[in-house]
2 protein chains.
Amino acid sequence: MDALTHASHRGRAPHIRLVEVGPRDGLQNEKSALPLEAKVAFVDALSETGVPEIETGAFVSAKAVPQMSDSLRVFQRIRRRPGVIYSALVPNERGLDEAVKAKADKIAVFTAASETFNRKNTNAGIQESLERFKPVVSRAKSLRMPVRGYISTAFVCPFEGAISPSKVVSLGLELLALGVDELAIGDTIGRAAPKDVRALLKPLLKEIPEKRLYFHFHDTYGLAIANLLTAYEEFNATGFDASAGGLGGCPFAPGAAGNVATEDAAFALEASGAKVDLDFGKLNAAENAIAPHLGHPFPARLAKVAARAAA
Amino acid sequence: MDALTHASHRGRAPHIRLVEVGPRDGLQNEKSALPLEAKVAFVDALSETGVPEIETGAFVSAKAVPQMSDSLRVFQRIRRRPGVIYSALVPNERGLDEAVKAKADKIAVFTAASETFNRKNTNAGIQESLERFKPVVSRAKSLRMPVRGYISTAFVCPFEGAISPSKVVSLGLELLALGVDELAIGDTIGRAAPKDVRALLKPLLKEIPEKRLYFHFHDTYGLAIANLLTAYEEFNATGFDASAGGLGGCPFAPGAAGNVATEDAAFALEASGAKVDLDFGKLNAAENAIAPHLGHPFPARLAKVAARAAA
C-alpha cells in the first residue's frame with residue numbers, strides 16, 4: 001500500500017472523471033444493431049445525466065462491426081450539449097476522416113498489451129498498431145482533437161494469460177510519446193482481481209500522472225466494482241470508464257456481464273466518499289430509451305433496484 | 001489499516017469457511033415455494049460441491065414464510081453426506097423441537113442490530129429476542145447442537161440508516177455470552193461499502209475471534225464482492241455466507257440481486273489468493289436442479305459465464 005492509503009482521501013471528496021462508453025463499447029457488443037433513432041435518443045438522454053464525456057460511436061469497418069455502421073449519422077443527429085465531450089473510436093486515417101466529418105470532439109485509438117490479442121483483434125502486432133497511429137495522432141493534434149489510447153487486455157489476456165505490468169507501463173509511455181493525451185487501461189475479459197490492480201497501478205502511477213489515466217473494468221466475473229474501488233481507495237485513481245446499465249460484453253463469454261455499469265460504479269464511488277456527477281434518475285431515463293430494443297435486461301445491479309422501484 | 005495489511009496473507013493460502021445459504025436464505029425469498037423434490041435435489045447436489053455447511057431450511061411460521069413450510073420433509077429426505085453440516089434457522093423453542101425432529105446438525109437464531117428492523121421482522125425488540133433465545137440456546141447446547149446467531153442490518157438499516165459499529169460489537173458479545181458459538185454479520189439490504197466494512201471489522205475483531213465470525217453480504221447494490229474482499233484482504237476474515245447462483249433478495253428491493261453468489265464469492269476469493277473448497281461444475285449442476293422452477297435467471301455473474309459456456 002506504500003504511501004497510498006485510504007487516509008489520503010479523508011477531508012475532501014475526490015471528483016470522479018467518468019467516461020460513458022455505453023453507446024460505443026456497450027452497443028458494439030449487442031447481438032444486433034439498434035435503430036438510429038434509438039441510438040440518438042440514448043446519447044441525447046445520456047448527455048443530460050451529468051457525465052462529462054460520452055463515447056458516441058466508432059468509425060471502424062462496417063463489415064467487422066455492423067453495430068457501429070451508422071456512427072456518422074448518430075453524430076450528425078445528436079443534440080450537442082455544451083460542455084459534454086462526444087468522442088469516437090478510430091482505427092486508422094480513414095476513421096479519422098470520418099470522425100472529422102462527424103465533428104467528433106475527441107478520438108480514441110486502440111491497441112492491446114497482449115501481442116496475440118492485438119493480432120486477433122486488429123490483424124496487426126502491437127508495434128504495427130503504433131506505426132499506424134502515428135499519422136492519425138499527429139493529424140488529430142493539428143486539428144486540436146484530444147486523443148485517447150486504449151490498452152486492452154492490460155491485466156489478463158484470454159490467449160496469453162497474465163500480462164506483465166511492465167509491458168503495460170512501457171506501452172503506455174510509448175503511446176504518450178506518440179502524442180496520445182490519456183490512456184484507458186482495460187481489463188477486457190474481466191479477469192483481474194484487486195491484487196492484479198495493485199500489481200499494475202503501483203508501477204504505472206510511478207511513471208504516468210493519474211490525470212492521464214482511465215480504468216476500464218469489465219464485470220464478467222463480478223470483480224469490476226472491487227477493482228474500481230481498489231484503484232480509487234488505494235491509488236487515488238479518479239478516471240473510470242463505465243457503461244449505462246452495464247451494457248457491453250466480452251467476446252469470449254457472450255451474454256455475460258459487460259462493462260462495469262455506470263450506476264453501479266457511481267454508487268460504489270459515492271458510497272466510498274467520492275463526488276460523481278451523475279443524475280441516477282436521468283441515467284435510468286436514458287436506459288429506458290433503448291431498453292425496448294435490447295433482447296435482454298440490463299446487467300447493472302442498480303438497474304434492477306430502479307426497475308423494481310418504478311414498478 | 002493498522003497491522004492488517006494485504007501482506008499478512010502472503011506465503012500461504014488462507015482456507016475459506018463457506019456457508020451455503022441458498023436453500024434457506026435464497027429460496028425463502030423466492031416468490032413461490034419450490035416443490036419438495038426440487039429442494040431435496042438441490043441440497044443433495046450442493047452437498048457434492050465441497051461446501052462444508054448448508055443452511056437447509058427454517059422452522060418458522062408457515063404462514064409468514066410459506067417457502068420454508070416443508071423444511072422437516074426436506075431434512076428427512078436429503079441424503080446426508082458425511083462431513084457436511086446441515087443447519088436450520090429457528091426462531092423459538094417450538095422451532096428447536098422441529099429442528100431436533102429433523103435431525104438438524106446445527107441451529108441458527110436471528111436478531112438485528114437495528115431495533116426498528118427487529119421489531120418489523122420479528123415483532124420483538126432486540127432484548128426481547130435475546131430473552132427468547134436463552135432457553136433455545138441452552139437446550140441446543142445440552143443436545144450438543146452448535147448455535148449460530150445472525151445479526152441482521154449490521155451496517156445499514158432501511159429504517160434507521162447507518163448502524164453504529166459499537167452496537168453490533170456489544171450485541172455480538174451478548175450473543176456469545178448466551179452460548180451462541182458463532183455470529184453471522186449481515187448486510188441485509190446490501191448498502192454497506194468497503195469503508196463501512198472497515199468501520200465495523202476494526203472494533204469487532206478486537207473483541208471477537210475471527211473464527212467465530214461469518215460475514216453475510218448481499219449484492220443488492222453491487223458491492224458484495226468488494227465488501228467481502230475488503231474483509232478478507234484487510235482483516236484476514238475467512239468465514240463467509242453465500243448463496244448458489246446469488247439466490248435470495250432483499251425484501252426492500254424485490255427482484256434485485258440477493259445474497260452474494262457462491263460462485264462469484266469463491267472466484268473472487270481464489271483470485272485473491274484464498275483456498276476455497278468448491279467444485280464450480282458441481283455447483284452449476286446443483287443450480288440446474290432448481291433452475292426450471294425459478295421464474296428468473298440466477299443473478300450470479302459466473303452463472304452467466306457458465307450458462308453460455310454450456311450453450
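Given the structure is predicted, the values throughout are model-derived calculations rather than measurements. Here is how names work: the chains are called A, B, and so on, in the same order as the sequence lines, proteins then strands, and each is numbered from 1.
- Of the listed residues (A:L223, A:D264, A:V260), the one with the most heavy-atom contacts under 4.5 Å to chain B is A:L223.
- Listed options A:A271, A:A193, A:A224, A:A192 were ranked by heavy-atom pairs under 4.5 angstrom with chain B; first place goes to A:A271.
- For chain B, the nearby parts of A:P299 are the backbone and the side chain; heavy atoms of each come within less than 4.5 Å.
- The two residues A:R191 and B:F267 make their nearest non-hydrogen contact at NE-CZ, 3.4 Å.
- Of the residues considered (A:K195, A:E263, A:R301), A:R301 shows the highest number of contacts with chain B, using heavy-atom pairs under 4.5 Å.
- Distance check, rounded to the nearest 0.5 Å: CD of B:E234 to CD of A:E234 gives 6.5 Å.
- For the set B:T230, B:D219, B:L228, B:N227, the count of heavy-atom pairs under 4.5 angstrom toward chain A peaks at B:D219.
- Put simply, CG on B:L229 and CD1 on A:I225 are 12.5 Å apart, with the number rounded to the nearest 0.5 Å.
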